[in-house]
Number of protein chains: 2
Amino acid sequence: MKLDATDQKLLDLLQKDSSQTVKSLAQKLGKSTTPIFERIKKLEKEGLIKGYSARLNTKKIGLKQTVFIAISLQGHTRSYLEKFVKEINDFPEVVECHRVSGGFDYLLKLVVEDIEAYEKFIISKLTLLPYLGNVQSHIVLSTSKETNEVDLSFLA
Amino acid sequence: MKLDATDQKLLDLLQKDSSQTVKSLAQKLGKSTTPIFERIKKLEKEGLIKGYSARLNTKKIGLKQTVFIAISLQGHTRSYLEKFVKEINDFPEVVECHRVSGGFDYLLKLVVEDIEAYEKFIISKLTLLPYLGNVQSHIVLSTSKETNEVDLSFLA
DNA sequence: ATTAAAAATAGAATAATATTCGTTAATTTT
DNA sequence: AAAATTAACGAATATTATTCTATTTTTAAT
């Protein structure tokens with residue numbers, strides 16, 4: 001699917017604020033509501049828009065600690081890797097799990113209540129997994145930017 | 001603000017899918033629309049809900065590469081750190097910037113078109129910043145989990 | 001260039017939903 | 001136990017989403 005300039009701006013408006021009415025989106029894009037409504041439905045159907053979600057203030061809710069964990073594995077059989085990833089993904093504390101190049105194999109991002117909850121995760125969940133090699137924790141001290149808005153200017 | 005069980009479930013429903021109607025949310029929560037509508041408005045006003053956004057399929061749009069960059073700085077004057085962070089946050093490729101403990105100072109997450117765009121970022125943007133120490137890139141090979149839904153079960 | 005076909009847009013009509021309102025029930029405070 | 005506060009309900013209204021029909025614009029072929 002090819003995206004024209006209107007689609008690009010529309011996606012950008014929606015990733016910044018999806019609670020806007022079709023009418024206000026249409027005004028910002030210099031069109032009437034019908035074409036914008038149809039464009040949105042098409043972007044949804046084509047899967048370019050995966051869904052809509054509320055952004056929560058995790059700190060205010062009580063999830064004050066983010067942690068990154070860099071993991072190296074020892075034995076690398078394919079079947080084990082799959083099992084490892086499956087287990088990791090099932091932990092609700094884990095919000096991201098990436099296989100990466102560089103000095104280690106996996107990079108996890110966790111959001112937890114506090115350091116105590118983090119330690120609990122390490123002891124009662126992570127270290128129960130076999131074949132763990134090096135595990136290095138990076139406690140987040142402060143976050144200056146954290147968004148899921150991506151830069152769409154390259155489409156222009 | 002104290003959150004009861006209904007607020008917890010409501011936040012969870014909304015972070016999973018904010019396009020649901022108030023009516024359907026109310027049904028799932030065993031209440032009528034008015035109280036759920038009012039709870040949502042309160043959660044918004046109190047800032048527990050920061051906003052609403054469309055989740056985009058970055059791969060399909062053409063942003064196929066995620067990269068993490070671990071950075072150590074050389075000179076650590078406070079004023080310089082602030083300038084550094086400000087510059088980093090202004091780069092649209094950077095979606096996250098965290099100050100972390102562990103083997104390095106900052107961990108960045110980038111979303112870019114491809115490796116080429118990533119290299120361009122390194123050469124024409126990142127390495128222009130002064131006082132850079134060690135810079136280690138971790139190219140994401142595959143991602144098995146990537147969400148911004150957080151686990152709210154601890155509220156129960 | 002000209003015309004046919006396809007796609008995109010507009011404006012009006014309708015359907016669905018959000019939002020408000022008046023009232024009742026439940027909970028907390030005194 | 002009574003008063004005050006908070007949460008809830010159901011109905012009424014206001015907004016918004018969605019559909020429909022008719023034009024316009026764009027695209028592609030001749």
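- From the 5' end on, the contacts that DNA chain D makes with chain A at under 4.0 Å to a non-hydrogen atom open and close at D:dT16 to D:dC20.
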Could you write nucleotides 9-25 of chain C as a row of B, S and -, 5' to 3', where a protein heavy atom under 4.0 Å of any base atom gives B, of only sugar-phosphate atoms gives S, and otherwise -? BBB-----SSSBB----
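- Looking only at side-chain heavy atoms (C-beta outward), A:I40 and A:L25 come within less than 4.5 Å of each other.
- Classified by interplanar angle (parallel below 30°, tilted 30° to 60°, perpendicular above 60°), the ring pair B:F84/B:Y106 is tilted.
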At a cut-off of 3.5 Å, list every protein nitrogen or oxygen paired with a nitrogen or oxygen from nucleotides 5-7 of chain C, distance to 0.1 Å.
none

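- The hydrophobic side chain of A:L128 is isolated, with no ILVMFWY side chain under 4.5 Å apart from it.
- Each end of the helix from C:dA1-D:dT30 to C:dT30-D:dA1 gets its own axis, taken as the rotation carrying the C1' atoms of four end pairs onto the next four within a five-pair window, and the two axes meet at 50° to the nearest 10 degrees.
- With sequence neighbours excluded, no residue forms a salt bridge (charged side-chain N to carboxylate O under 4.0 Å, His left out) with B:E87.
- For the side chain to side chain donor-acceptor pair (under 3.5 Å) test, residues two or more places apart in sequence or in another chain that qualify with B:S53 are A:R55.
- Ion pairing between B:K42 and B:E38 fails under the 4.0 Å rule for side-chain N and carboxylate O.
- The salt bridge (charged side-chain N to carboxylate O under 4.0 Å, His left out) contacts involving residues 123-152 of chain A comprise A:E93-A:K125, A:K109-A:E146, where partners must be two or more places apart or lie in separate chains.
- Counting heavy-atom neighbours within 6.0 Å of B:K50 NZ, excluding the residue itself, gives a total above 12.
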Determine, step by step, whether B:Y131 and B:Y80 satisfy the ring pair (Phe, Tyr, Trp, His ring centres under 6.0 Å) criterion, reporting the C-alpha distance in whole Å, the side-chain angles of both residues, the deciding distance to 0.1 Å, and the verdict. CA-CA 9 Å; B:Y131 301 110; B:Y80 175 64; 4.6 Å; yes
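- Applying the ring-ring contact (aromatic ring centres under 6.0 Å, His included) rule to pairs touching residues 27-70 of chain B yields A:H98-B:F68, sequence neighbours excluded.
- For DNA chain C, none of the residues of residues 46-56 of chain A falls under the heavy-atom distance limit of 4.0 Å.
- Sequence neighbours left out, the pairs with a member in residues 14-33 of chain A that pass salt bridge (charged side-chain N to carboxylate O under 4.0 Å, His left out) are A:D12-A:K16.
- For B:E44 and B:K41, the salt-bridge test passes: some basic side-chain N is under 4.0 Å from an acidic carboxylate O.
- The pair B:E116-B:K120 does not meet the salt-bridge criterion, since no charged nitrogen lies less than 4.0 angstrom from a carboxylate oxygen.
- Annotation: side chain of B:I61 is not in contact with side chain of A:V150 (no heavy-atom distance under 4.5 Å).
- In this structure A:K60 satisfies the salt bridge (charged side-chain N to carboxylate O under 4.0 Å, His left out) test with no other residue, sequence neighbours excluded.
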